[in-house]
There are 2 protein chains.
Amino acid sequence: MATLRDVAKTVGLSAATVSRALSGHPYVDERTRGRVVRAARELGYRPNALARALRVQTTRTIGLIIPDIHNDFYAESATVLQGAFEEHGYRLILCISNSDPAHDRSYLRTLAEHRVDGIVHVPSSSIDAHELDAGGRRIPVVELLRHSPDAQFDAVLSDDFDGAAALTRHLLALGHRRIAMLTGPGAFSTTRYRVDGYRAALREAGLGPNDELVLYGSYTPECGHDATRAVLARTPRPTAIFSSGSRLTNGVLRALAEACVRVPDELSLVAYEDPEWYAISVPPLTCYTLPLREMGRVAADTIIARVAEGATPRPPVVLRFAGRLIVRESTAPPRA
Amino acid sequence: MATLRDVAKTVGLSAATVSRALSGHPYVDERTRGRVVRAARELGYRPNALARALRVQTTRTIGLIIPDIHNDFYAESATVLQGAFEEHGYRLILCISNSDPAHDRSYLRTLAEHRVDGIVHVPSSSIDAHELDAGGRRIPVVELLRHSPDAQFDAVLSDDFDGAAALTRHLLALGHRRIAMLTGPGAFSTTRYRVDGYRAALREAGLGPNDELVLYGSYTPECGHDATRAVLARTPRPTAIFSSGSRLTNGVLRALAEACVRVPDELSLVAYEDPEWYAISVPPLTCYTLPLREMGRVAADTIIARVAEGATPRPPVVLRFAGRLIVRESTAPPRA
DNA sequence: ATCGGTCCTGGAAACGGTTTCTCGCCTGTG
DNA sequence: CACAGGCGAGAAACCGTTTCCAGGACCGAT
């Protein structure tokens, strides 16, 4: 077995003393401690984290729910968060929701049942706050990147409105007027803000809202591919495409290559996010990059602070991080 | 609080009955069950997974340790595994080791302390089998993609030898003779097998082992970039590059673009793995793709079977999956 | 000699579920 | 009427820790 009691038995001490000896408690004789640690090692004793957590009512574990592990966007966040938690002695449980509200809720429930101390959530659904009640107290939640506005959670967001507006303005300044926007589900706050930013930029330029050029879908390469084909078939054909996610961009490029449309000569392309391969794409892509590392760190600090302060009610804080436009070679003035 | 006993108190029953009512036990009056579930819902009762696990001595949780979440290779494995576990009612705890042996071991220990029922491991170090003793029994482990040969674990591997040989033969058949190989740490089994495959293909072609053309590093874009610059500086310059990992490939392409080396006119490029962007790269990359989905599923089935059969000792099985050469447009006969 | 601290150690009660054992009740049967 | 057996429910033990409460030993001060 090798439980605490087994160790206690072999050294002829009580479980209490063994526990104290191993957890560095003062008031335990150094020779006794030596005997205990030696016996523990020999028996291959490994503490049971479950039992400990049950007793001390804290797991030092934080749950992270992200929609998609293939998206650099979220992969990067996960990496940063994990590093930050490690520094503070927290473990990370990573869940992948595939942007499915049912999965989303199910993971939330699971994490609550496992009594994680806190949750960092990239929501794919709006959630009932009381789903998070567990063992009497409310589990602290920090929302990352996406926002469920009615629920009163802390949030660390990017300024999607500004980002989309910046990309659109860049195209407008080059002279583009028919700009197709490819984006994800309208249910996500990110999608809505980006579309709003796009519209606002058009309005600034005195253009009416051409909502027939906004194509909603899911953030997958297939969707980007199909939407691009649809865009290319339009008459008059748009002179620029705004891809609202890196996996969409993948499909966009494939469709453009299939149709032998040259970028930026025949069509300009701007994209949200900046995964590794944007810079080495041919041509390198003009994009809007987010300070993901910083955002991840802030999210980690926020949730850790919330956990530490306990149930003290404090109004939620919402932070928005500005990104940066990177002009590369996928944009040029329209030809015609 | 909302514990089981609280529910019991409000409906005037014993904790035992409430437990039975909620877990679908027979021999509990249907009207009683109704009252219990109603009360549980009203009180917001949420079972404590820790307490349950402590009692029933199983967590229905499986740990997965991967080196790098940014690598499509592992991201895909994680996705497949998660899906498979979900079907069988297992949860997944995902740990990212960054290919650091210290992290690797630390996660192994953490997972053991949390009494996961099994572990799927992409090893970054050779591990002591007895590190996995926990609560008396040995936690089952399945190794994925990489192999620690001395430890007696089940393993689901790709045939790295064959893959590297296939890519090298493809280049040789086109007439290449000076083929540089860019690869990761020599400590990984994957790296060693791939280098062996490369050497074997050269030997078949009657070429001596030109080990000065094998550049070891780490599987990062920076490393690919720097190694490529080093390769380009060699005289005579190699006519082809073999990139042994997708993040390496990223750096290779960037370095080639900076040096204005055209692919495949001036230099051919083959790459291991096949992430989404290989096909839309310019030119699309010739590569060796692995049946990741299938491998993930087999790994999941294997670990679940091991968990189910308990401590029954059974000799470890090692499976190797063959991949497939995909010839795209990054390879051509050498010019000179 | 008594008292009041430190310094060690042990007993026992949690933590929140599950499971075994037991027991009473009811019904049907010989 | 005695009895077997199925059903429903409760008491108590258990999982492996931590921690509160006590108590004994030892020391110096009163």
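The basis for the numbers below is simple: all heavy atoms, side chains too, and nothing from hydrogens, waters or symmetry mates. Per chain, numbering begins at 1; letters A, B, ... match sequence-line order.
Residue B:Arg5 contributes atom CZ, which lies 13 Å from atom P of D:dA13 at whole-angstrom precision. Rounded to whole angstrom, the span from the CZ atom of B:Arg55 across to the P atom of D:dA12 amounts to 16 Å. When the P atom of D:dG16 is taken as reference, atom CG of B:Asn48 falls 16 Å away, rounded to whole Å. Rounded to whole Å, the distance from CZ on A:Arg60 to P on D:dT17 is 19 Å. In this structure, CG of A:Leu54 is placed 14 Å from P of C:dA14, rounded to the nearest angstrom. Atom CD of A:Glu113 is separated from atom P of C:dG17 by 10 Å (rounded to the nearest Å). Look at CG on A:Leu50: it is 14 Å from P on C:dT18, rounded to the nearest Å. Between A:Leu4 atom CG and C:dG11 atom P the separation is 14 Å, expressed in whole Å.
Nearest approach of B:Arg297 to B:Val80, heavy atoms of both residues: N-CG1, 3.6 Å.
A:Thr191 places a side-chain N or O within 3.5 Å of a backbone atom of A:Pro185 that can act as its donor or acceptor partner. Here the side chain of B:Ser97 pairs no donor or acceptor atom with the backbone of B:Asp104 at under 3.5 angstrom. With hydrogens and angles disregarded, a donor-acceptor distance shorter than 3.5 Å links the side chain of A:Glu143 to the backbone of A:Ser148.
Regarding contacts with the backbone of D:dG16, every side-chain N or O of A:Tyr45 stays at 4.0 angstrom or more from both OP1 and OP2. Contact annotation: B:Gln57 side-chain N/O to D:dC14 OP1/OP2 distance is not under 4.0 Å. Of the side-chain N and O atoms in A:Arg52, one or more sit less than 4.0 angstrom from OP1 or OP2 of D:dT18.
Checking D:dT17, C:dG17, D:dT19 against the side-chain heavy atoms of A:Val56 singles out D:dT19 as nearest.
Between the CG atom of A:Asn48 and the CG atom of A:Leu54 there is a distance of 9.5 Å, given to the nearest 0.5 Å. The OG atom of A:Ser124 lies 4.5 Å from the CZ atom of A:Arg146; values are rounded to the nearest 0.5 Å.
Taking every heavy atom of residues 7-35 of chain B and every atom of DNA chain D, pairs under 4.0 Å involve B:Gly12, B:Leu13, B:Ser14, B:Ala16, B:Thr17, B:Arg20, B:Tyr27, B:Val28, B:Asp29, B:Thr32, by number.
One finds no salt bridge joining A:Arg60 and A:Asp117 here, because no Lys/Arg side-chain nitrogen approaches an Asp/Glu carboxylate oxygen to under 4.0 Å.
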